[in-house]
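Here is the structure we will look at.
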Number of protein chains: 2
Amino acid sequence: MQAGKPILYSYFRSSCSWRVRIALALKGIDYETVPINLIKDGGQQFSKDFQALNPMKQVPALKIDGITIHQSLAIIEYLEETRPTPRLLPQDPKKRASVRMISDLIAGGIQPLQNLSVLKQVGEEFQLTWAQNAIISGFNALEQILQSTAGTYCVGDEVTMADLCLVPQVANAERFKVDCTLYPTISSINKRLLVLEAFQVTHPCRQPDTPTELRA
Amino acid sequence: MQAGKPILYSYFRSSCSWRVRIALALKGIDYETVPINLIKDGGQQFSKDFQALNPMKQVPALKIDGITIHQSLAIIEYLEETRPTPRLLPQDPKKRASVRMISDLIAGGIQPLQNLSVLKQVGEEFQLTWAQNAIISGFNALEQILQSTAGTYCVGDEVTMADLCLVPQVANAERFKVDCTLYPTISSINKRLLVLEAFQVTHPCRQPDTPTELRA
């Protein structure tokens, strides 16, 4: 099977796509981006071609090594197992558990409740409050957890998968006008991560599909 | 640190708790159950004691090896890394990616949208339709994915973490009156899994906290 350059199906603003972009950047994996606009044409994720690629009709999806993987954490774990350097999971199983716990809390406990398709179902009138509630309830827990796991970053002093989940989620929180100053641990880790190159080049404001007015 | 017998904080009907109970059973890990009733007393997960244990106020949580882990998939991955036999993730990284993709689809893409706390927010009138929509949309995708990954079980012929997610989610689907005959692959895998001892002894109808009228 011809592997070729990995292809990332991504949307500039999708927090789940951003997680994977950071992993690819940190691991120095060269890839092509195929933008899937979640809003244009009623949502390009609903096209027949994309559904064949990811029946969940969600980004990201990564074509790599002859397979297509969706679900951002499954993609990151695959990259970690096949391209282990630099590591995104610590060596110690207990620390790995902390990383996965924080990642799952964000990827399973916050983001799914405030993503585009759910907010559509909630109805325009209630969207902001609904999204804020999901994020606030998750961040209340996360702030407490980080107080016992964090060093420079979410778990200790190395960048891990948990950090790849944190930064895009904080960006969503800001978009939904959540007051992040209430979460000093989350905010200070986020600030330390945002200056790193892998987080900068993958930022939603610097993607091939970022609209001109949102570029920075 | 004295490790002692692991303690699982669990609710008989929680699908996420059930996932972990199956992992513990398959791996032959002896443990104590502390039932956390998600309904009684306004929800025992909101007690101060339990919040100190899991700030997300959710079950399951597992006390093991001197640490407390929450988030069911993080718990299962920890058990896999520290008690590798029998394995719940295949050896081949591509198959591992399939297992994690299916697990994340259920644990991040379906269950969070139909759990108790979200349904409370939706309001009684819309709960059933909301839960059904979440499950149907996830099962439509899952049925298609399983057609290319499944053997006897979700991924090939060995029981994996994906199966630990599937069976409890099908039970939820049935509770919410989703017509599972529309999903022949999901249904037949579920049937083959339900006869296995580890799935039987951990079934919600056979837990220490199962109410008498629901016992079987």
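Everything numeric here is computed off the predicted structure, so don't read it as measured data. We name chains A, B, ... by the order of the sequence lines, and we start the count at 1 in each one. In what follows, every heavy atom counts, from backbone to side chain, and hydrogens, waters and symmetry copies are set aside.
Evaluated for a side-chain contact (heavy atoms from CB on, under 4.5 Å) with A:Asp104, the options B:His70, B:Gln71, B:Met56 yield exactly one hit, B:Gln71.
With rounding to the nearest 0.5 angstrom, the CH2 atom of B:Trp130 is 4.5 Å from the CD atom of A:Gln121. Residue B:Met101 holds its CE atom at 8.5 Å from OG1 of A:Thr68, rounded to the nearest 0.5 Å. Atoms CD and OG, from A:Glu77 and B:Ser103 in turn, are 10.5 Å apart once rounded to the nearest 0.5 Å.
Proximity to chain A among residues 136-148 of chain B is limited to B:Ser137, B:Gly138, B:Ala141, B:Gln144, B:Ile145, judged by heavy-atom separations below 4.5 angstrom.
The nearest pair of heavy atoms linking A:Ala97 to B:Tyr78 is CB-CD1, 3.9 Å. The nearest pair of heavy atoms linking A:Asp65 to B:Lys94 is O-NZ, 2.8 Å.
In A:Glu158, the CD atom is not crowded: 12 or fewer heavy atoms of neighbouring residues, nucleotides or ligands sit closer than 6.0 Å. Within 6.0 Å of NZ on B:Lys95 lie no more than 12 heavy atoms contributed by other residues, nucleotides or ligands. Within a 6.0 Å sphere centred on CD of A:Gln127, other residues, nucleotides and ligands contribute more than 12 heavy atoms.
Between chain A and the options B:Arg100, B:Gln51, B:Lys57, the largest number of non-hydrogen pairs under 4.5 Å is found for B:Arg100. Highest contact tally toward chain B, considering only A:Thr82, A:Ile69, A:Leu105, A:Leu73, is held by A:Leu105 [criterion: heavy-atom pairs under 4.5 Å].
For chain B, no part of A:Asn54 is nearby; none of its heavy atoms comes within less than 4.5 Å. With a threshold of 4.5 angstrom between heavy atoms, A:Gln58 does not approach chain B through any atom at all. In this structure, chain A has no heavy atom under 4.5 Å from any part of B:Thr129.
B:Arg96 has a carboxylate O that lies under 4.0 Å from a charged side-chain N of A:Glu81, or vice versa, which qualifies the two as a salt bridge.
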